Number of protein chains: 2
Amino acid sequence: MPRRSPTRLDPELNIDRDSYEPAYVQLVNILRRQVASGIFRPGDRLPSESELRQRYDISPMTVRRAINILADQGVVVAEQGRGTFVKPIELGAATFDLQALQELLNGEATSVRMLEASIVSADERTARKLALIEGKRAIFIRRLLSRNGKPIIYHREYLLYDPRLPSIESELEVTSLRGLFDGIGATELKRGELTIEAATLDEEEAVYLEGTVGEAAVLLEHVFYGFDNRPVSWGWFISRSENLSFRAFVGVRE
Amino acid sequence: MPRRSPTRLDPELNIDRDSYEPAYVQLVNILRRQVASGIFRPGDRLPSESELRQRYDISPMTVRRAINILADQGVVVAEQGRGTFVKPIELGAATFDLQALQELLNGEATSVRMLEASIVSADERTARKLALIEGKRAIFIRRLLSRNGKPIIYHREYLLYDPRLPSIESELEVTSLRGLFDGIGATELKRGELTIEAATLDEEEAVYLEGTVGEAAVLLEHVFYGFDNRPVSWGWFISRSENLSFRAFVGVRE
DNA sequence: TAGTGGTCTAGACCACTTA
DNA sequence: AAGTGGTCTAGACCACTAG
């Protein structure tokens with residue numbers, strides 16, 4: 001952040017060159033506010049770049065940068081030769097994130113209880129998921145996450161057991177849930193695939209989660225791969241539906 | 001897209017100024033490929049902007065643009081005064097979209113059957129969701145989406161019934177599922193809130209979806225608001241779990 | 001042809017980190 | 001002090017659209 005001093009002019013009207021906020025951010029906010037308030041409606045053309053440049057007395061690149069940001073936020077769409085237009089909202093543009101889950105994990109009142117950490121022989125499904133030969137050994141971990149003493153999420157995970165690797169290290173990296181969420185550690189992991197689906201609690205899950213068998217539950221499956229593109233871990237979180245859901249927003253907020 | 005001519009040089013090595021791909025896109029791809037292939041590992045520092053500028057013989061702004069793109073894709077993080085670093089993967093960075101649902105809707109083999117479209121008296125829940133007085137009239141719509149003749153999604157929706165408005169128009173805008181997903185129409189809608197949760201099929205749903213009562217199901221609730229910030233429609237999609245799930249990826253792909 | 005957005009240059013000054 | 005990223009300028013040329 002470059003300069004500092006309070007904003008002096010109505011940000012609806014002008015760009016404050018002395019603000020701690022960069023000019024392009026100010027312009028993004030001005031335009032977004034105008035879209036959100038209905039001054040520019042879906043389908044409307046925004047002022048052209050040269051109009052904006054003159055109106056706010058900034059350079060073309062600064063205007064372009066603001067427009068680009070609005071464009072990849074999905075607020076507007078720029079069409080070469082025609083203009084920049086406000087986009088109607090699209091249901092298909094909605095994106096859900098794991099913020100709810102992350103907040104659960106990082107909350108003060110949240111604790112993780114390790115139920116099991118053992119070496120097991122891979123069954124058919126585990127062998128398939130981890131690209132192992134059935135019967136080979138794998139590390140199996142079960143955890144229970146609680147919030148304010150109430151169990152919230154039951155987690156099971158299979159990890160590659162590779163005696164050649166510093167197994168403790170690689171295990172710890174994947175084992176630390178908080179680390180995985182925040183991005184601490186995990187330097188050996190290249191990518192992950194996640195799936196959300198609906199499920200119902202079986203007996204074991206119902207016991208741990210203090211729910212009832214057959215109750216609706218959210219299931220989040222995860223597979224992580226190393227830089228050799230081989231799966232390193234496979235597991236899933238399960239939570240009673242009432243304890244975990246996912247929200248998303250479409251359209252211009254605020 | 002500016003110029004046209006095939007890429008001539010190995011894109012791993014150099015930027016082709018005659019390519020149809022802009023220089024900044026080429027640089028983004030080069031760097032992303034190097035991260036994906038493990039040349040740069042999580043935590044590593046990328047070459048500085050001036051190094052990249054010299055290495056690829058492009059202007060500072062073009063390098064910055066590429067870095068910015070990688071940064072807001074979550075691949076790297078730039079720290080002023082220190083450098084640009086490859087980010088470890090974060091579970092919390094995963095985002096799910098409605099692509100699966102959208103493909104279902106837009107597929108050739110998909111058909112929508114309107115089961116009901118009537119004017120009803122708002123019950124307590126509907127009145128609350130639509131900010132109406134209980135007992136006021138609302139439009140109620142039920143649809144069944146099928147794919148290859150098999151029912152996939154059961155949709156119910158309540159719409160504001162406002163005789164002052166061109167009700168047919170506003171109804172049609174919200175009624176056209178395809179339009180909502182693609183962003184056609186919906187010019188009267190400012191924003192929407194969506195929630196994904198797990199549920200189980202009740203009797204009515206089981207009949208329509210040809211499933212069994214108590215079976216796991218995904219529920220997608222939606223509320224749309226007009227530019228006056230008042231809710232305009234509220235409804236939900238429900239689908240057997242095996243017919244609909246959501247996928248996301250973290251880390252660098254390809 | 002005039003106007004639009006898309007890309008790119010070759011610098012400048014600033015803020016921040018590290019040594 | 002040297003090196004890093006962050007912002008911004010004042011243009012240029014290009015591709016595309018529309019009248």
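What you are looking at is a predicted structure, and each value in this text was computed from that prediction instead of being measured.
- Taking atom CZ of B:F85 as the reference point, atom C1' of C:dT18 lies 11 Å away to the nearest angstrom.
- B:D16 has its CG atom 16 Å from the P atom of C:dT7, to the nearest Å.
- The separation between A:Q26 atom CD and D:dT7 atom P is 12 Å, rounded to whole Å.
- The distance between atom OH of B:Y20 and atom P of D:dC16, rounded to the nearest whole Å, is 14 Å.
- Considering only side-chain N and O atoms, A:R17 lies nowhere under 4.0 angstrom from the phosphate OP1 or OP2 of C:dC14.
- One N or O on the side chain of B:R41 and one on the backbone of B:G38 form a donor-acceptor pair closer than 3.5 Å.
- Taking atom CG of residue B:D57 and atom P of nucleotide C:dA10, one finds them 8 Å apart after rounding to whole Å.
- A:E21 places its CD atom 11 Å from the P atom of D:dT7, with the value rounded to the nearest Å.
- Remark: the B:R65 side chain and the B:N68 side chain contain no N/O donor-acceptor pair separated by less than 3.5 Å.
- To the nearest angstrom, C1' of C:dT7 lies 8 Å from CE of A:M61.
- When Watson-Crick and G-U wobble pairs are counted only if both distances are under 3.5 Å, D:dG19 pairs with no nucleotide at all.
- Contact between the side-chain N/O atoms of B:R65 and the OP1/OP2 oxygens of C:dT7 is found at a separation under 4.0 Å.
- The phosphate of C:dC8 (OP1 or OP2) has no side-chain N or O of B:Y24 nearer than 4.0 angstrom.
- The salt bridge (charged side-chain N to carboxylate O under 4.0 Å, His left out) search around A:E51 returns A:R45, not counting sequence neighbours.
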Interface polar pairs with nucleotides 3-5 of chain C, N/O, under 3.5 angstrom:
from	atom 1	to	atom 2	distance (Å)
C:dG3	N2	A:G81	O	3.1
C:dT4	OP1	A:S48	OG	3.4
C:dT4	O2	A:G81	N	3.2
C:dG5	OP1	A:T84	OG1	3.4
C:dG5	OP2	A:E49	N	2.7
C:dG5	N2	A:Q80	NE2	2.8

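- Figure legend: cation-pi geometry between B:R230 and B:Y225 absent, as NZ or CZ is not positioned both under 6.0 Å from the six-membered ring centre and within 45° of its axis.
- With respect to A:E221 and A:K129, a salt bridge is recorded, a charged nitrogen being found less than 4.0 Å from a carboxylate O.
- Shown here is B:D72, whose CG atom has more than 12 heavy atoms of other residues, nucleotides or ligands within 6.0 Å.
- In this structure B:R191 satisfies the salt bridge (charged side-chain N to carboxylate O under 4.0 Å, His left out) test together with B:E193, sequence neighbours excluded.
- Look at B:T62 and you won't find any side-chain N or O under 4.0 angstrom from OP1 or OP2 of C:dT7.
- Distance, B:D18 CG to C:dC8 C1': 14 Å, rounded to whole Å.
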